[in-house]
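One structure is given here, and the rest of the page talks about it.
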Amino acid sequence: MIAASAKIHPLAVVEDGAVIGENVVVGPFCYVGPKVVLHDEVELLPHAIATGRTVIGRGSRIFPNAVIGGDPQSLHHDGVETTLTVGEKCTFREGVTANTGTTGGGGKTVIGNNNLFLANSHIAHDCILGNDIVMSNNVMLAGHVIVEDRVILGGGSAVHQFTRIGRQAFIGGLSAVSYDVIPYGMLNGNPGVLGGLNVVGMSRAGMDKATIHRVRRAYKQVFEGEGSVRANAAAIREDYADCVPAMQILDFIGAESDRALSSPHRGSKG
């Protein structure tokens with residue numbers, strides 16, 4: 001089904017079965033697969049590809065040579081149809097790839113709203129991404145990665161499979177993210193080392209100074225205390241029950257995960 005207001009270039013290929021919303025623009029030499037849904041005001045620039053069982057949210061833009069909805073790059077993929085869901089107002093710049101899920105990983109890759117993926121970045125199978133994320137050029141997410149809201153990943157950084165990155169964390173360029181990164185954390189290096197909190201990002205997001213100071217105090221108690229990171233986090237929960245950002249960090253540390261925690265030390269202390 002193609003809305004009457006959609007603009008499909010005569011040199012584009014839109015397969016029968018695709019759903020094209022109002023005011024969608026599909027440029028020359030684009031390909032839209034038969035199980036793709038493009039919601040209203042989506043734009044595909046020349047040579048963009050949307051394929052697989054993929055839903056792309058309102059107002060998203062796909063730039064040349066990006067491939068959105070390709071099969072998962074996994075040796076365990078059994079060929080069963082899986083999905084990719086993209087939220088509203090996401091931008092996929094040149095050469096970006098985003099894959100559908102695998103049956104063994106839940107069968108779906110999910111991307112939230114207002115995300116910016118710069119040239120040649122990659123979102124692998126079964127990743128779950130939140131909102132307002134920036135992935136700079138050449139960032140690579142392996143399979144099953146979780147990235148929470150407002151995370152920024154610097155150019156060329158690489159994230160190990162099954163890793164979690166907490167909300168508003170900052171990952172420095174060329175960093176290797178082998179372990180989970182706490183919310184508001186800053187990680188740099190290869191191997192990645194936690195270098196404190198993303199205070200600039202916290203301030204820009206409207207967090208007041210008193211709250212930032214409390215979160216920094218909690219961070220020091222967790223990572224500089226005598227016990228393990230998880231034991232230290234559990235011990236101070238009552239002290240920070242009224243501080244939402246601190247509790248987000250403590251909850252993140254206490255949650256089950258397939259990966260250890262990044263710390264200010266090489267490797268993990270968790």
Side-chain angles (χ1 to χ4, degrees), residues 31 33 35-39 42 44-45 48-57 59-77 81-167 169-171 173-178 180-181 187 258-259:
Y31 174 80
K35 297 178 181 179
V36 170
V37 177
L38 304 180
H39 283 292
V42 168
L44 273 61
L45 280 73
I49 293 175
T51 187
R53 185 172 287 279
T54 296
V55 177
I56 299 176
S60 294
R61 303 181 75 204
I62 304 175
F63 278 68
N65 301 312
V67 181
I68 309 304
D71 285 346
Q73 299 175 61
S74 170
L75 294 173
H76 305 291
H77 180 52
E81 188 173 71
T82 54
T83 66
L84 167 66
T85 303
V86 177
E88 297 184 353
K89 296 183 179 179
C90 289
T91 299
F92 300 87
R93 291 304 302 255
E94 295 82 356
V96 172
T97 50
N99 295 160
T100 57
T102 60
T103 51
K108 60 184 180 180
T109 303
V110 179
I111 297 171
N113 304 318
N114 302 306
N115 296 311
L116 174 59
F117 305 102
L118 298 186
N120 301 308
S121 53
H122 173 66
I123 304 104
H125 57 88
D126 305 297
C127 286
I128 306 295
L129 276 61
N131 307 314
D132 303 299
I133 294 164
V134 177
M135 281 176 47
S136 300
N137 301 68
N138 303 303
V139 170
M140 298 171 287
L141 302 184
H144 313 276
V145 166
I146 296 174
V147 182
E148 296 182 355
D149 296 349
R150 300 182 65 87
V151 169
I152 296 176
L153 297 106
S157 55
V159 183
H160 194 283
Q161 62 184 4
F162 293 101
T163 298
R164 299 177 299 150
I165 301 178
R167 65 175 291 111
F170 182 91
I171 309 300
L174 301 178
S175 294
V177 186
S178 299
D180 292 349
V181 181
L187 184 135
D258 293 303
R259 306 296 298 164

Heavy-atom pair of closest approach, residues Gly87 and Ser60: O-OG, 3.1 Å
Using side chain to side chain contact (heavy atoms under 4.5 Å, CB included), reason through Thr82 and Thr103 one step at a time and then give a plain yes or no. CA-CA 7 Å; Thr82 54; Thr103 51; 4.1 Å; yes
Could you please spell out the steps behind the side chain to side chain contact (heavy atoms under 4.5 Å, CB included) verdict for Thr109 and Thr85? CA-CA 6 Å; Thr109 303; Thr85 303; over 6 Å; no
Residues in side-chain hydrogen bond (donor to acceptor under 3.5 Å, both in side chains) contact with Glu94, at least two apart in sequence or another chain: none
Ser136 side-chain N/O to Leu153 backbone N/O, donor-acceptor pair under 3.5 Å: yes
Nearest heavy-atom contact between Leu141 and Cys127 is CB-SG, 4.1 Å
For His160, the side-chain hydrogen bond (donor to acceptor under 3.5 Å, both in side chains) test, sequence neighbours excluded, returns none
Is there a side-chain contact between Val42 and Leu44 in this structure, where contact means two heavy atoms from C-beta onward sitting under 4.5 Å apart? yes
For residues 123-146, pull every pair meeting ring-ring contact (aromatic ring centres under 6.0 Å, His included), keeping only residues two or more places apart or in separate chains. His125-His144, His144-Phe162
Are Ile111 and Cys90 close enough that some pair of their side-chain heavy atoms sits under 4.5 Å apart? yes
Specify the closest pair of heavy atoms between Ala169 and Ile165, including all atoms of both residues, with the distance to one decimal. CB-CG2, 3.7 Å
Pairs flagged by ring-ring contact (aromatic ring centres under 6.0 Å, His included) wherever residues 91-118 is involved - sequence neighbours left out: Phe92-Phe117
Mind checking the OG1-CD1 spacing from Thr97 to Ile68? Nearest 0.5 Å is all I need. 7.5 Å
Is there side-chain contact between Val147 and Met135, with heavy atoms separated by less than 4.5 Å? no
Identify the two heavy atoms, one from Leu187 and one from Ser175, that lie closest to each other, and give their separation to 0.1 Å. O-OG, 3.6 Å
Which atom pair, heavy atoms only, marks the closest approach of Arg93 to Ala66? O-CB, 3.8 Å
Going by side chain to side chain contact (heavy atoms under 4.5 Å, CB included), name the residues that satisfy it together with Arg61, two or more places apart in sequence or in a different chain. Glu43, Leu45, Phe63
Between Gln73 and Asn99, is any side-chain donor less than 3.5 angstrom from a side-chain acceptor? yes
Between Asn113 and Val86, is there a side-chain heavy-atom distance shorter than 4.5 Å? no
Tell me every residue that passes side-chain hydrogen bond (donor to acceptor under 3.5 Å, both in side chains) with Lys35, counting only those two or more places apart in sequence or in another chain. Glu81
Nearest heavy-atom contact between Ser74 and Thr102 is CB-CG2, 4.0 Å
